[in-house]
Amino acid sequence: GRSVLSVDDLSVEYRTDDGAVKAVRNVSLHIEPGETLGIAGESGSGKSTLALAILRYLEGNGRITGGTIEYDGRPVLDLSSRELRELRGNEIAHVPQDPNTALNPSMTVGDQISEVVRTHRDVSRSEAMEQTYEVLHEVNLPDPKTNASQYPHELSGGQQQRVLLAIALACQPKLLILDEPTTGLDVTTQAKILDLIDDLIEERDTSVLLITHNLGVINQIADRVGIMYAGEIMEVGATDEVFRSPTNPYTQGLLASLPQGEDRRLKPIPGQIGDLRTIPDGCVFADRCEFATDECREGSVEKVSVDGNPSHMTRCRRWKHAVANPIQADTQ
Ligand code: ATP
Ligand code: MG
C-alpha cells in the first residue's frame, strides 16, 4: 500500500532580525492508512511547526527550506492554491493548538460547522445543518441543537475542544492532524476527549498525526511514536517498543520524567533546548546528555536502526551505552 503521508528530509526556518530560527531540521516520517503516529517532545521542539508545514499553513516569517511532503503520493509542495484548498478541506483536517484562534467568537457553533460543510460539499443550507447536528452528536456534545445555536464562549473548554474535533470531522478527512488536543483540560475531560478520539479513529479508519508533550496520551492512542528534540526526530518506532526499551538518552529522560508510583514527582531533564539560530556540530542533545562524549559534538549524527529493526530508529552514536545504563526515574 501507499503511505497516506510521507515527509522526507523536511526543514523549516523562521526568519527573524537576529537570524533564522531552524525550527525543524531534516525530518522524515510516514503515516500508513488507519495508523496513528504520535509526535512528542518538550516545548519548543518544533512539533507545531511540523504540523503547520505539512499543510503549508506557515505564514509570515516561516518557510520550508528543504525536503518533500507527499500526501497519498501527491507532492504537497507543488500543489496549486486551488488544489491546496481542496486538500485542506477534503483530505486533511488540522485542529490547531489554540482553540481560541481556531473558533470564531462572533459566529454560532452551528454556523461555523455548517459553513465548513458547505465549503466542501454540495449540499443545501438545511442539509448542512443536519450534518452539523450529526457531527456534534458524534463528538458527544450533550444537546446538538442547543449547542449549535451557542457561541464559543458559552461552551466549556472541553466542549470547545469537541467543537474543534467536530469541525475537523465534518469533512471526513483521511488524515487528521491534532495539535495538543487535550492541553488545558482537566484530567477527567482529557480522558473523555481521548476516548472520543480513540473511538472516532476506530470507526472511521482515519489516519492521525497526534502532537502532544504528554507521553500518557501517546501511550493510549498512538501506534508509533516519534520523539522530537530541537527540531529533529531523535527516535521513532512502535509505541510499545519505544516505551519499553527507549534507546535515545532524550527519550529515556522524557520517560524518566513521567510521574512514577505513589509519589508522583516529576524529574525534568536538567537544562533546556539551545538557541535554534546556531545549531552546534554533532548531537543537538549533547549539552544535556549524561552519556555525551567529545565525539558526540562532532559531525552530523545519523539515524541508525536499533538491533537491525528498520522500523525502530534512533539518532544517537552511544545508544547501546544508553540501553545498558538507562536513565531511571528518581524514585526516592
Ligand atoms: P509547544 O510544545 O510549546 O507547543 P512546539 O514543539 O510546538 O512547542 P513550535 O511552536 O513548533 O514548538 O516552535 C519551534 C521553535 O520555533 C521554537 O523555538 C519557537 O520559539 C520558534 N518559533 C515558532 N514560531 C516562530 C515565529 N513565528 N518566529 C520565530 N520563531 C518561531
Ligand atoms: Mg506546539
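Both ligands and their constituent atoms are indexed starting at 1 by order of listing. Below, all heavy atoms of this structure are taken into account, side chains as well, without hydrogens, waters or symmetry copies. These figures come from a predicted structure and were not determined experimentally. Heads up: numbering here begins at 1 and tracks the sequence.
Here the Mg ion (ligand 2) has protein N, O or S atoms under 2.8 Å from it, and they come to 2.
Remark: the N309 side chain and the S311 side chain contain an N/O donor-acceptor pair separated by less than 3.5 Å. No side-chain N or O of N90 forms a donor-acceptor pair with one of Q172 less than 3.5 Å apart.
For atom 27 (N) of ligand 1, the nearest non-hydrogen atom of the protein is N61 OD1, 3.1 Å. Counting only heavy atoms of the protein, atom 6 (O) of ligand 1 lies nearest to K47 NZ, 2.8 Å. From the protein, the heavy atom lying nearest to atom 18 (O) of ligand 1 is L276 CD1, 3.4 Å. Protein heavy atom in closest approach to atom 29 (C) of ligand 1: Y14 CB, 3.4 Å. Atom 1 (P) of ligand 1 has as its closest protein heavy atom S43 OG, 3.7 Å.
To the nearest 0.5 Å, atoms CD1 (I233) and OG (S28) are separated by 7.5 Å. Atom-to-atom distance recorded for M234:CE and L254:CG is 10.0 Å, nearest 0.5 angstrom. Between the CG atom in L58 and the CZ atom in R63 there is a gap of 11.0 Å [rounded to 0.5 Å]. Rounding to the nearest 0.5 angstrom, the gap separating the OG atom in S156 from the CZ atom in R162 is 8.0 Å.
Interface atoms of ligand 1 facing S45, defined by a heavy-atom separation under 4.0 Å, are 6 (O), 12 (O).
Using cut-offs of 30° and 60° on the angle between ring planes, the pair Y250 and Y229 is tilted.
G46 counts as a contact of ligand 1, since one of its heavy atoms falls under 4.0 Å from the ligand. The closest approach between G44 and ligand 1 falls below 4.0 Å for a heavy atom of the residue. Q97 counts as a contact of ligand 1, since one of its heavy atoms falls under 4.0 Å from the ligand. No heavy atom of G60 sits closer than 4.0 Å to any atom of ligand 1.
For the side-chain contact (heavy atoms from CB on, under 4.5 Å) test, residues two or more places apart in sequence or in another chain that qualify with R244 are D240. Not counting sequence neighbours, the partners of T68 by the side-chain contact (heavy atoms from CB on, under 4.5 Å) test are D8.
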Is there a side-chain contact (heavy atoms from CB on, under 4.5 Å) between D281 and E298? Walk through the geometry before answering. CA-CA 5 Å; D281 280 346; E298 290 165 9; 5.7 Å; no
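In this structure, of T49, T212, T16, the residue bringing a heavy atom nearest to atom 9 (P) of ligand 1 is T49. Comparing G41, A20, A23, S48 by heavy-atom distance to atom 7 (O) of ligand 1, the nearest is S48.
No more than 12 heavy atoms of other residues, nucleotides or ligands lie within 6.0 Å of CZ in R15, so this atom counts as exposed by the packing criterion.
Under the 4.0 angstrom criterion, atom 11 (O) of ligand 1 counts as having a protein heavy-atom contact.
Applying the ring pair (Phe, Tyr, Trp, His ring centres under 6.0 Å) test to every pair with at least one member in residues 40-92, sequence neighbours left out, gives these pairs: Y57-H94.
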